[in-house]
Amino acid sequence: MNKKVRTILCTLGVFSLTFGHICHANDAKSFAIIGGADGPTSIFLAGKIGNNTSDTSETSQTSEYSEECPFQVTANNFELKQDTVEKVTHLSYTVEINNMTDFAYKDVWFTIAPKKILSPYVTEYESDKKDITSREKAEEHAKDNTDTPAGGFDVTNETLLPLEDKLKKEHQITLEDIKDAMSEITVTIHWTGGSQEEKLKF
């Protein structure tokens, strides 16, 4: 795959042992997805990753929810894997967000922010807005496959990084440094009239 095609594909796409959450009035922030041929790019996972050095966490942790914090957040499938054929390191994880209440929410969107120390190696993620239906209607939708709005989000996100030798030489950072820094992420969910923040650890 040449550099031009890879760049085009990358531009098309877009973690909990402990947790904490904060709910407050709506205070939307804007985050950018940074991508490039020689830097980190966020994309959806597609296809099979080559058989190379891999560090995978099978831990799946879920946040609590309440009337004030209606969304339950799960982070899992963390993987840091070097692909010497493509000469890149794949960092990937999955975040699931589900409405656990009997209420529907309008214009829901969320961000996933790793520790700031990782910038610019790992970018912050921002979703599109969509309406989220109640838990009951979401379950009906799953059974009947009707045209009801979804009950949450399910995102697998991958960031492409250089191989470890290049990271050490040009950025003075190792894969172990990145793994340690990715031990905690912040997921912030926004909707019309409010927001919810969850700090999750792999």
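With contacts defined as side-chain heavy-atom distances shorter than 4.5 Å, the pair N77/T156 does not qualify. At a threshold of 4.5 Å between non-hydrogen side-chain atoms, the residues Y125 and F110 count as touching.
With respect to E96, the side-chain contact (heavy atoms from CB on, under 4.5 Å) criterion is satisfied by exactly one of V155, D154, T62: D154.
Residues passing the side-chain contact (heavy atoms from CB on, under 4.5 Å) test with A181, sequence neighbours excluded: I117, L118. Applying the side-chain contact (heavy atoms from CB on, under 4.5 Å) test to L163 and every residue at least two apart in sequence or in another chain returns Q82, K87, T89. By the side-chain contact (heavy atoms from CB on, under 4.5 Å) test, E136 is found to be paired with S134, E140, residues two or more places apart in sequence or in another chain being considered. Judged as a side chain to side chain donor-acceptor pair (under 3.5 Å), and not counting sequence neighbours, N98 has no contacts. K106 pairs by the salt bridge (charged side-chain N to carboxylate O under 4.0 Å, His left out) definition with D131, not counting sequence neighbours. The side-chain contact (heavy atoms from CB on, under 4.5 Å) check on T101 picks up P70, N99, F103, Y105, with sequence neighbours excluded.
Remark: F71 CZ to Q196 CD distance equals 7.0 Å, nearest 0.5 Å. Atom CD of E158 sits about 11.0 Å away from atom OH of Y93, to the nearest 0.5 Å.
Salt bridge present: E197 and K199 bring a charged side-chain N and a carboxylate O closer than 4.0 Å.
Checked by atom type, the side-chain pair S183/D180 shows no donor-acceptor distance below 3.5 Å.
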Subject >> V95/N157 under side chain to side chain contact (heavy atoms under 4.5 Å, CB included): CA gap, chis, key distance, verdict >> reply: CA-CA 8 Å; V95 170; N157 186 270; over 6 Å; no
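Not one N or O on the side chain of K179 forms a donor-acceptor pair closer than 3.5 Å with the backbone of E79.
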